[in-house]
Undergrad: 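Here it is: the structure, laid out below.
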Amino acid sequence: AVRPGIVLFADTAAPTSRLFRTDGTPEGTFAIASPEGTGYATGVADGTEAIAPYADGFAAAMDDWAGGEPQVWLTVDGRDPATPFTVPAASLWLTPVGERLFLACHGTGEEPNLWVSDGSHSGTHLVADLPGAPLPGWVAVDGMLYFHVAGPSGSALWSSDGTTAGTAPLSSVAPVPADPQGLTVSNSVLYFAGSTSDAGTELW
């Protein structure tokens with residue numbers, strides 16, 4: 001995850017993935033201190049997009065392989081110990097949308113579902129029980145989250161405003177192609193590759 005002048009990344013060579021920060025210098029590159037009370041077995045969540053810019057700093061999804069509760073760690077620049085809050089299940093695909101942090105949470109043997117957080121345990125809640133597995137590549141456009149969900153007949157493009165009522169496939173309000181890929185935002189416009197029976201895969 002990148003902010004002006006600082007990058008957060010995971011070192012996966014260790015027994016558990018440690019969280020590091022760098023400003024591009026040797027002295028500015030070091031492991032982020034764990035919150036008080038977390039064990040040596042806590043590491044960056046095993047999944048894609050587990051680290052994201054959020055608020056004035058960064059958020060990182062962390063798992064405790066010793067059997068403790070999964071957490072999200074918050075840090076401004078990595079110089080102070082991270083501030084944790086617990087989440088209901090292992091999480092990944094952290095995506096900031098304004099002051100909210102969207103994430104996918106899933107229990108053992110369960111498909112991930114859509115959750116949203118204000119950066120606290122009490123402010124983290126389920127948004128929608130999705131009909132399939134959400135896929136990587138979430139993006140934000142003008143206060144909305146856009147993502148795609150795998151289904152029996154392919155993936156579908158969804159959007160969410162952080163509420164259950166405001167979370168739905170885009171096909172419910174407009175004709176959209178199937179199997180959206182490569183969601184990319186430029187100047188508040190969402191671009192993606194989508195497939196139709198008439199045109200095949202094209203740019204939308």
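Numbers for residues simply follow the sequence, beginning at 1.
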Undergrad: Is L126 reachable from F85 through a run of hydrophobic residues whose side-chain heavy atoms are each under 4.5 Å from the next?
TA: yes
Undergrad: Can you list everything that forms a side chain to side chain contact (heavy atoms under 4.5 Å, CB included) with T164? Sequence neighbours excluded, please.
TA: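 Scan of T164 (side chain to side chain contact (heavy atoms under 4.5 Å, CB included), adjacent residues dropped) gives none.
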Undergrad: Starting at CG of L157, measure out to OG of S171 and round the result to the nearest 0.5 Å.
TA: 9.0 Å
Undergrad: Are Y146 and L170 packed together at the side-chain level, in the sense that at least one heavy-atom pair is separated by less than 4.5 angstrom?
TA: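 Side-chain contact under 4.5 Å: yes.
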Undergrad: Which residues satisfy the side chain to side chain donor-acceptor pair (under 3.5 Å) test with T196, sequence neighbours excluded?
TA: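 Expected list: none.
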Undergrad: Show the nearest heavy-atom pair for residues A90 and D63, with the distance to one decimal.
TA: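 Of all heavy-atom pairs spanning A90 and D63, the closest is CB-OD1, 3.9 Å.
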Undergrad: What pairs with A82 under side chain to side chain contact (heavy atoms under 4.5 Å, CB included), at least two apart in sequence or on another chain?
TA: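 Scan of A82 (side chain to side chain contact (heavy atoms under 4.5 Å, CB included), adjacent residues dropped) gives I32, P35, W73.
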Undergrad: Same cluster or not: are L130 and V127 linked, directly or through other Ile, Leu, Val, Met, Phe, Trp or Tyr residues, by side-chain heavy atoms under 4.5 angstrom apart?
TA: yes
Undergrad: With a 4.5 Å heavy-atom cut-off, do L145 and L114 have their side chains touching?
TA: yes
Undergrad: Looking at every non-hydrogen atom in both residues, tell me the closest pair between T201 and S195 and how far apart they are.
TA: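 Taking every non-hydrogen atom into account, OG1-CB, 3.8 Å.
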Undergrad: So, taking the atom named OG1 in T42 and the one named CD in Q71, what distance separates them when rounded to the nearest 0.5 Å?
TA: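 One finds 6.0 Å between OG1 of T42 and CD of Q71.
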Undergrad: Donor-acceptor pair, distance only, cut-off 3.5 Å: does the side chain of R21 make one with the backbone of T29?
TA: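 No, R21 side chain to T29 backbone: no donor-acceptor pair under 3.5 Å.
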Undergrad: Considering non-hydrogen atoms only, spot the tightest contact between V44 and A10 and give its length.
TA: CG2-CB, 3.8 Å
Undergrad: What distance do L74 atom CG and S120 atom OG have between them, rounded to the nearest 0.5 Å?
TA: 9.5 Å
Undergrad: Using side chain to side chain donor-acceptor pair (under 3.5 Å) as the criterion, list what pairs up with H125, not counting sequence neighbours.
TA: none
Undergrad: So T22 and F9, do their side chains get closer than 4.5 Å, heavy atoms only?
TA: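 With C-beta onward as the side chain, the pair touches.
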Undergrad: Heavy atoms only: give me the nearest A140-V97 pair and the separation to one decimal.
TA: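 Heavy atoms of A140 and V97 come nearest at CB-CG2, 3.7 Å.
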Undergrad: Backbone N or O of W93 within a donor-acceptor pair of the T95 side chain at under 3.5 Å?
TA: yes
Undergrad: Do any side-chain atoms of residues 181-194 form donor-acceptor pairs under 3.5 angstrom with protein atoms, and if so which ones, sequence neighbours left out?
TA:
| residue | atom | partner | partner atom | Å |
| --- | --- | --- | --- | --- |
| T184 | OG1 | G182 | O | 3.0 |
| S188 | OG | D142 | OD1 | 3.2 |

Undergrad: Between side-chain atoms of residues 51-62 and protein atoms elsewhere (two or more places apart, or another chain), which donor-acceptor pairs fall under 3.5 Å?
TA:
| residue | atom | partner | partner atom | Å |
| --- | --- | --- | --- | --- |
| Y54 | OH | E99 | O | 2.9 |
| Y54 | OH | D118 | O | 3.3 |

Undergrad: Test your reading of the model: is there a side-chain donor-acceptor pair from H148 to the backbone of P180, 3.5 Å cut-off?
TA: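 Judged by distance alone, yes, a pair lies under 3.5 Å.
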Undergrad: State, yes or no, whether a side-chain contact exists between L103 and C105 at a heavy-atom distance under 4.5 Å.
TA: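 In short, these two side chains touch, coming nearer than 4.5 Å.
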Undergrad: List for me each residue that meets side chain to side chain donor-acceptor pair (under 3.5 Å) alongside S117, sequence neighbours excluded, and say none if there are none.
TA: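 If we apply the side chain to side chain donor-acceptor pair (under 3.5 Å) test to S117, skipping adjacent residues, the hits are T124.
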Undergrad: State, to 0.1 Å, how close S160 and F147 come at their nearest heavy-atom pair, and which atoms those are.
TA: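 Closest pair (atom of S160, atom of F147, distance): CB-CE2, 4.3 Å.
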Undergrad: Between W138 and F102, is there a side-chain heavy-atom distance shorter than 4.5 Å?
TA: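 In short, these two side chains touch, coming nearer than 4.5 Å.
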Undergrad: Are side-chain heavy atoms of L8 and L19 found at a separation under 4.5 Å?
TA: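 Yes; the side chains approach each other to less than 4.5 Å.
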Undergrad: Is any side-chain heavy atom of T83 closer than 4.5 Å to a side-chain heavy atom of T75?
TA: no
Undergrad: Using the side chain to side chain donor-acceptor pair (under 3.5 Å) criterion, which residues pair with T163? Sequence neighbours excluded.
TA: D161
Undergrad: Any side-chain heavy atom of H106 within less than 4.5 Å of one from L92?
TA: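 A side-chain contact under 4.5 Å exists here.
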Undergrad: As a quick check of understanding, evaluate side-chain contact (heavy atoms from CB on, under 4.5 Å) for L135 and V149, giving each step before the final call.
TA: CA-CA 6 Å; L135 302 174; V149 176; over 6 Å; no
Undergrad: Applying side chain to side chain contact (heavy atoms under 4.5 Å, CB included), can you list everything that pairs with P81, at least two apart in sequence or on another chain?
TA: A33
Undergrad: Got a sec, which residues hit side chain to side chain contact (heavy atoms under 4.5 Å, CB included) with R18, two or more places apart in sequence or on another chain?
TA: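 Checked R18 against side chain to side chain contact (heavy atoms under 4.5 Å, CB included); matches are D11, A14, F20.
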